Protein chains: 2
Amino acid sequence: MSPQTSAKGYGISDTSKYTDFTVKDFPLKTSQPDDVTLSIEFCGVCGSDVHTVTGGWGPMSVPFCVPGHEIVGTVTEVGDNVKEFKVGQRVGVGAQVLSCLKCNRCKEDNEQYCPEQVDTYNAKFPDGVEAQGGYSTTIRTNERFVFSIPEAIKSEDAAPMLCAGLTVYSPLVRNGCGPGKTVGIVGIGGLGHFAIQFAKALGAHVIVFSHSPSKKEDSLSLGADEFVSTDEDGFADKYFDKIDYILSAADAEKIPLSDLLSTLKIDGKITSVGLPDKPWEGLQPQIMASNASCIGCSHIGSKKEANAMLKLAAEKGIKPIIDEILPMSQAGKAIEAVKNNKVRYRFVLKQDLK
Amino acid sequence: MSPQTSAKGYGISDTSKYTDFTVKDFPLKTSQPDDVTLSIEFCGVCGSDVHTVTGGWGPMSVPFCVPGHEIVGTVTEVGDNVKEFKVGQRVGVGAQVLSCLKCNRCKEDNEQYCPEQVDTYNAKFPDGVEAQGGYSTTIRTNERFVFSIPEAIKSEDAAPMLCAGLTVYSPLVRNGCGPGKTVGIVGIGGLGHFAIQFAKALGAHVIVFSHSPSKKEDSLSLGADEFVSTDEDGFADKYFDKIDYILSAADAEKIPLSDLLSTLKIDGKITSVGLPDKPWEGLQPQIMASNASCIGCSHIGSKKEANAMLKLAAEKGIKPIIDEILPMSQAGKAIEAVKNNKVRYRFVLKQDLK
């Protein structure tokens, strides 16, 4: 049987009409011997989808963009070289669909930092085909960027892990989150609510900093040891020199950076996986001078980390809190809700195209 | 003999007239059993002096401020508990004159990060006495903040090391500068010209990034292995993924942060010891996403590090390039020159008060 050559999906052509999804056919990437093709069942709705279709991160790179990079489905085709997967298997794809696979970064399980990395959507494959995301019927990519989903995890729960989960899991493990460490989590949304669970599962003492007291109950039920309201004056005083590492998923230009930095031990770090549309306000080196702290970023995670994350999630029963599972045709409603911070904590879209 | 109770120095009362130094008497801190008093011979002119007397870092905290925190002189008094120093010894004082000496940070050779740290000037001692700096006859402080000067180093050469030198030495050693590492140095001025020498002496491969091609010759003669002009388009391309650590002494709101970050290996870091008056422009977390890099700061160094630095400097013949040694009465001229980036690479003031 010759490989499938096209698919269809819900996409946006004009960032000023970012909820007006229309269905269009699009070509799939040229089938290669290392490729896996999957029929999509669920796709999570990520903040990145919103930043892209609204133009917040800049103009779109393709004329018609199908977002979605938290994808779970069933394998329908495998190339001749593919050993890891077979037709009918339940698998997922996250926020990356290709890298050069030859450079040192790729060889050392850092393929997410390969300079030739290709995003799942709003991007192009080396063959010139536009990469389209998971609000669609089908996705095809190299097996390196396909993850096996453990039996213990439901498909709709697995989907949001493949970007939101991995994006917090990777920096947590790379920055030493574990027993004996105190870790702060900032920004309790789709990413943050996974960060609490993974930081706890990895063995850290977990402190949530949030400006929304309404997140307290959820934070504690997800495993946080302490909840601190950042609306209270001097909230940071009590935590001076107490925290080893802070992961911020706050998608905002304004977070109480100086106060948060003051809670860090010497040489501590804040990683921001929230990527706001505008530069941070008021960031001067001197706000990190009192403890030699630093501020950094991180980009999703490697396949090795994705596999370890899924294993940990299966063992510990980690899963997202899904606000609602909507049919894919309601993508616009989900995008609007995420844009307005009205989601607790993830929308998942269910396939409704044939 | 009863302890000296006052001194005199060149100071500023009005940040709008930051070159109008006048001589005034001021009280010394109450003498304590752990204190050392020194008669000042030389004092370096640091960028911090300029930021303070011009109000760039905010209004001054004292009505009359004597700047200067690169101080070398001779011990004239020691308290009863002082074992490390004796009268007549040649010693120095840097940019810190006190800390609590009891907290974990103080106990673990991180006294520069003690929350009760007292700056050398524009600050107050716990007894309420204003701390005045080294453009003066005399300084008194706790022996923890006094450094012995090795014989091999001339007094005028030692002075600038006590802030400029230590401020770059500490982050270099704390961030792994050594054999097998590639270290970038940005901002070749008073701090940067020491950073080249210390990074090289510590065993790293040293690459200078500068927008001033005129600094090339000096950089190479100070020990840089490579000089890169940041004015050239694409200057960073060749250095992609090559650099372990970058120390920036650039005192500027605009440095080519994105390009510099792109040269870092995964998890690499830029420490900025340049502390500009305004926030950095355009700093978004995403500019650090491609390699999980981070940007941090650092504050001078500990006494332990100061002693190690002075030992290394003595062994390797490290010393500042002194533009001019001026009588202290010409402090205003020096301040103006530093403010206008007209100094290569340090002014040192020589005592002219009696």
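Within every chain, numbering begins at 1; the chains are lettered A, B, ... in the order of the sequence lines, protein sequences first and strands thereafter. Keep in mind that what you see is a predicted model, and the values were worked out from it rather than measured.
- A distance of 6.0 Å or more separates the ring centres of B:F194 and B:Y345.
- In this view, A:K303 and A:E84, A:F85, A:E111, A:R144, A:F147, A:N307 satisfy the side-chain contact (heavy atoms from CB on, under 4.5 Å) rule, not counting sequence neighbours.
- At least one donor-acceptor pair closer than 3.5 Å links the side chain of B:K107 to the backbone N or O of B:K102.
- Within residues 257-275 of chain A, the residues having any heavy atom closer than 4.5 Å to a heavy atom of chain B are A:L264, A:K265, A:I266, A:D267, A:K269, A:S272, A:G274, A:L275, listed by residue number.
- Other residues, nucleotides and ligands contribute more than 12 heavy atoms inside 6.0 Å of the CD atom of B:E108.
- Each of B:S293, B:S170, B:P171 has some count of heavy-atom pairs under 4.5 Å with chain A, and the biggest count is that of B:S293.
- Counting heavy atoms from C-beta on, the side chains of B:F209 and B:S248 never come closer than 4.5 Å.
- Comparing B:K278, B:H299, B:Q284 by heavy-atom pairs within less than 4.5 Å of chain A, the highest count is held by B:Q284.
- Note on B:C114, B:G296, B:S298: by heavy-atom pairs under 4.5 Å with chain A, the leading option is B:G296.
- The choice from A:D241, A:I300, A:N175 that makes the most heavy-atom pairs within less than 4.5 Å of chain B is A:D241.
- Residue pairs meeting the salt bridge (Lys or Arg N to Asp or Glu O under 4.0 Å) criterion with at least one partner in residues 283-293 of chain A, sequence neighbours excluded, are absent.
- Ion pairing of B:E305 with B:R174 is present here, as a side-chain N (NZ or NE/NH1/NH2) and a carboxylate O approach within less than 4.0 Å.
- By the side chain to side chain donor-acceptor pair (under 3.5 Å) test, B:W57 is found to be paired with B:H51, residues two or more places apart in sequence or in another chain being considered.
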